[in-house]
Engineer: 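Here it is: the structure, laid out below.
Note on naming: letters A, B, ... go to the chains in the order of the sequence lines (proteins, then strands), and numbering restarts at 1 for each one. No hydrogens, no waters, no symmetry mates; every other heavy atom, side chains included, goes into these values.
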Protein chains: 2
Amino acid sequence: MAKKADILIRFGERVRELRAERGYSQEAFAHICELDRTYVGGIERGERNLALRNIERIAESLDISISELMKGL
Amino acid sequence: MAKKADILIRFGERVRELRAERGYSQEAFAHICELDRTYVGGIERGERNLALRNIERIAESLDISISELMKGL
DNA sequence: CTGTGACTTCCAGTCCGTA
DNA sequence: TTACGGACTGGAAGTCACA
């Protein structure tokens with residue numbers, strides 16, 4: 001199984017990349033998302049199988065569409 | 001909470017549309033996704049805040065990318 | 001600033017039905 | 001074929017202390 005990297009890992013890397021691009025720390029970004037700092041950290045490390053509502057929050061906080069956020073995954 | 005159309009509702013409508021396009025019944029589609037039939041029904045009705053792994057399953061079962069699935073949402 | 005393990009609460013997700 | 005209810009289990013949501 002797992003011919004490609006896991007979806008959660010890839011999603012986390014994508015979030016980290018976009019978050020860093022914007023010059024946010026995890027903590028600052030977490031605040032914008034209204035999520036806990038450690039929770040966002042867990043997402044970026046691919047440890048969290050987050051649900052659609054939180055995916056939406058993250059996309060909004062990055063100021064892009066969900067579709068854009070999911071690009072390449 | 002004054003949202004025009006909740007993300008879950010919009011996602012559900014999108015899934016229903018794409019699933020029906022392919023001529024699958026909810027039950028047949030649920031079987032392909034390896035999800036419960038009542039759960040798929042709940043998703044299409046916008047009652048379920050499903051997680052990323054299951055979003056991926058649905059996209060795969062529809063034979064499109066997650067990004068494509070999320071288009072317009 | 002970030003990683004991580006542990007923790008509680010509540011919902012994601014399953015299985016049984018009925019209409 | 002789909003909607004929806006009840007009851008259940010595992011895991012997502014959310015937080016904390018400390019490295």
Side-chain angles (χ1 to χ4, degrees), chain A residues 1-2 4-70 73, chain B residues 1-3 5-70 73:
Chain A
M1 321 293 291
K4 294 199 276 186
D6 187 274
I7 180 68
L8 301 187
I9 301 285
R10 284 178 283 135
F11 180 79
E13 286 171 351
R14 177 96 171 122
V15 170
R16 174 163 300 188
E17 190 179 292
L18 294 167
R19 190 253 310 158
E21 250 178 34
R22 285 155 178 74
Y24 298 136
S25 68
Q26 275 186 6
E27 192 163 9
F29 184 61
H31 188 254
I32 296 172
C33 296
E34 296 181 286
L35 292 170
D36 191 83
R37 167 188 82 72
T38 64
Y39 187 63
V40 171
I43 290 169
E44 291 191 0
R45 274 174 272 123
E47 291 168 0
R48 298 287 189 160
N49 180 23
L50 78 176
L52 187 48
R53 284 208 200 276
N54 281 340
I55 292 172
E56 183 188 31
R57 274 189 174 183
I58 289 183
E60 282 175 354
S61 300
L62 289 168
D63 202 36
I64 57 178
S65 67
I66 299 180
S67 178
E68 188 67 28
L69 175 58
M70 293 302 182
L73 273 61
Chain B
M1 46 183 292
K3 281 205 90 171
D6 188 273
I7 181 68
L8 302 187
I9 301 285
R10 285 177 283 136
F11 180 79
E13 286 170 352
R14 177 96 171 121
V15 170
R16 174 163 302 189
E17 190 178 292
L18 294 167
R19 187 231 344 134
E21 252 178 32
R22 285 155 178 74
Y24 298 136
S25 68
Q26 275 186 5
E27 192 163 7
F29 185 61
H31 185 70
I32 296 171
C33 297
E34 295 180 286
L35 291 171
D36 193 79
R37 84 186 148 74
T38 65
Y39 190 60
V40 171
I43 290 169
E44 292 192 358
R45 272 174 273 125
E47 293 167 359
R48 294 297 185 162
N49 180 26
L50 78 177
L52 185 49
R53 283 208 202 276
N54 282 337
I55 292 172
E56 184 189 31
R57 277 189 175 185
I58 288 181
E60 282 175 353
S61 300
L62 290 168
D63 203 37
I64 57 178
S65 68
I66 299 180
S67 178
E68 187 67 29
L69 174 57
M70 292 302 182
L73 271 60

Engineer: Of all the heavy-atom pairs spanning Leu52(A) and Asn49(B), show the shortest one and how long it is.
Structural biologist: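 Scanning both residues, the minimum pair turns out to be N-OD1, 3.2 Å.
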Engineer: Using a cut-off of 4.0 Å between protein heavy atoms and nucleotide atoms, how would you tag nucleotides 3-8 of chain D 5' to 3' with B, S and -?
Structural biologist: BBB---
Engineer: Of all the choices, dG13(C), dC1(C), dA13(D), which nucleotide is nearest to the side chain of Glu27(A) once you look at every atom?
Structural biologist: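 For the Glu27(A) side chain, the nearest candidate turns out to be dC1(C).
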Engineer: Could you tell me how far apart Leu50(B) (CG) and dG10(D) (C1') are, to the nearest whole angstrom?
Structural biologist: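 That distance rounds to 16 Å.
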Engineer: Verify salt bridge (charged side-chain N to carboxylate O under 4.0 Å, His left out) between Arg10(A) and Glu56(B), making sure each step is shown before the conclusion.
Structural biologist: CA-CA 12 Å; Arg10(A) 284 178 283 135; Glu56(B) 184 189 31; 3.6 Å; yes
Engineer: Quick one: does Arg45(B)'s side chain get under 4.5 Å of Leu8(B)'s, heavy atoms only?
Structural biologist: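 No, too far: nothing below the 4.5 Å cut-off.
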Engineer: Does the salt bridge (charged side-chain N to carboxylate O under 4.0 Å, His left out) test come out yes or no for Arg16(B) and Glu21(B), once each step is laid out?
Structural biologist: CA-CA 8 Å; Arg16(B) 174 163 302 189; Glu21(B) 252 178 32; over 6 Å; no
Engineer: When the distance from CZ of Arg19(B) to P of dT2(D) is rounded to whole Å, what number comes out?
Structural biologist: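 That distance rounds to 5 Å.
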Engineer: What nucleotide, of dC15(C), dA13(D), dG13(C), holds the atom closest to the side chain of Tyr39(A)?
Structural biologist: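 Output: dA13(D).
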Engineer: Just the rounded figure in Å: distance from P of dA12(C) to CG of Asn49(B).
Structural biologist: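 My rounded result for the distance is 5 Å.
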Engineer: Working to the nearest 0.5 Å, report the span between CZ of Arg19(A) and OG of Ser61(A).
Structural biologist: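 Spacing of CZ (Arg19(A)) from OG (Ser61(A)) equals 12.5 Å.
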Engineer: Measure the spacing between CZ of Arg22(B) and CG of Leu62(B) and express it to the nearest 0.5 Å.
Structural biologist: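 Between atom CZ of Arg22(B) and atom CG of Leu62(B) there are 5.0 Å.
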Engineer: Provide, to the nearest angstrom, the distance between the CG atom belonging to Asn54(B) and the P atom belonging to dG11(D).
Structural biologist: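 These atoms are roughly 12 Å apart.
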Engineer: Using whole Å, what does the distance between atom P of nucleotide dA12(D) and atom CD1 of Ile7(A) come to?
Structural biologist: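 For the pair Ile7(A) CD1 and dA12(D) P, the rounded distance is 14 Å.
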Engineer: Between Ile43(A) (CD1) and dG14(D) (C1'), how many Å, whole number?
Structural biologist: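 Whole-Å distance recorded here is 11 Å.
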Engineer: Which angle, rounded to 10°, do you find between the first-five-pair axis and the last-five-pair axis of the helix from dT2(C)-dA19(D) to dA19(C)-dT2(D)?
Structural biologist: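 Its terminal axes enclose an angle near 40°.
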Engineer: Rounded to the nearest 0.5 Å, what's the gap from CZ on Arg57(A) to CD1 on Ile7(B)? Could you check?
Structural biologist: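 The CZ atom of Arg57(A) sits 13.5 Å away from the CD1 atom of Ile7(B).
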Engineer: With side chain to side chain contact (heavy atoms under 4.5 Å, CB included) as the test, pick out the partner of Val40(B) among Leu50(B), Asn54(B), Ile58(B), Leu35(B).
Structural biologist: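 Testing Val40(B) for a side chain to side chain contact (heavy atoms under 4.5 Å, CB included) against Leu50(B), Asn54(B), Ile58(B), Leu35(B) leaves exactly one candidate, Leu35(B).
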Engineer: Taking only distance into account, with no hydrogens and no angle test, what donor-acceptor pairs under 3.5 Å do side-chain atoms of residues 24-34 of chain A form with protein atoms, sequence neighbours excluded?
Structural biologist:
from     : atom 1 : to       : atom 2 : distance (Å)
Ser25(A) : OG     : Glu27(A) : N      : 3.4
Ser25(A) : OG     : Ala28(A) : N      : 2.9
Gln26(A) : NE2    : Glu44(A) : OE1    : 3.1

Engineer: Would you kindly give the CG-to-C1' distance between Asp36(B) and dG10(D), to the nearest whole Å?
Structural biologist: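 Asp36(B) atom CG is separated from dG10(D) atom C1' by 15 Å.
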Engineer: To the nearest angstrom, how far is Leu52(A) atom CG from dA12(C) atom P?
Structural biologist: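 Atom-to-atom, Leu52(A) to dA12(C), this comes out as 11 Å.
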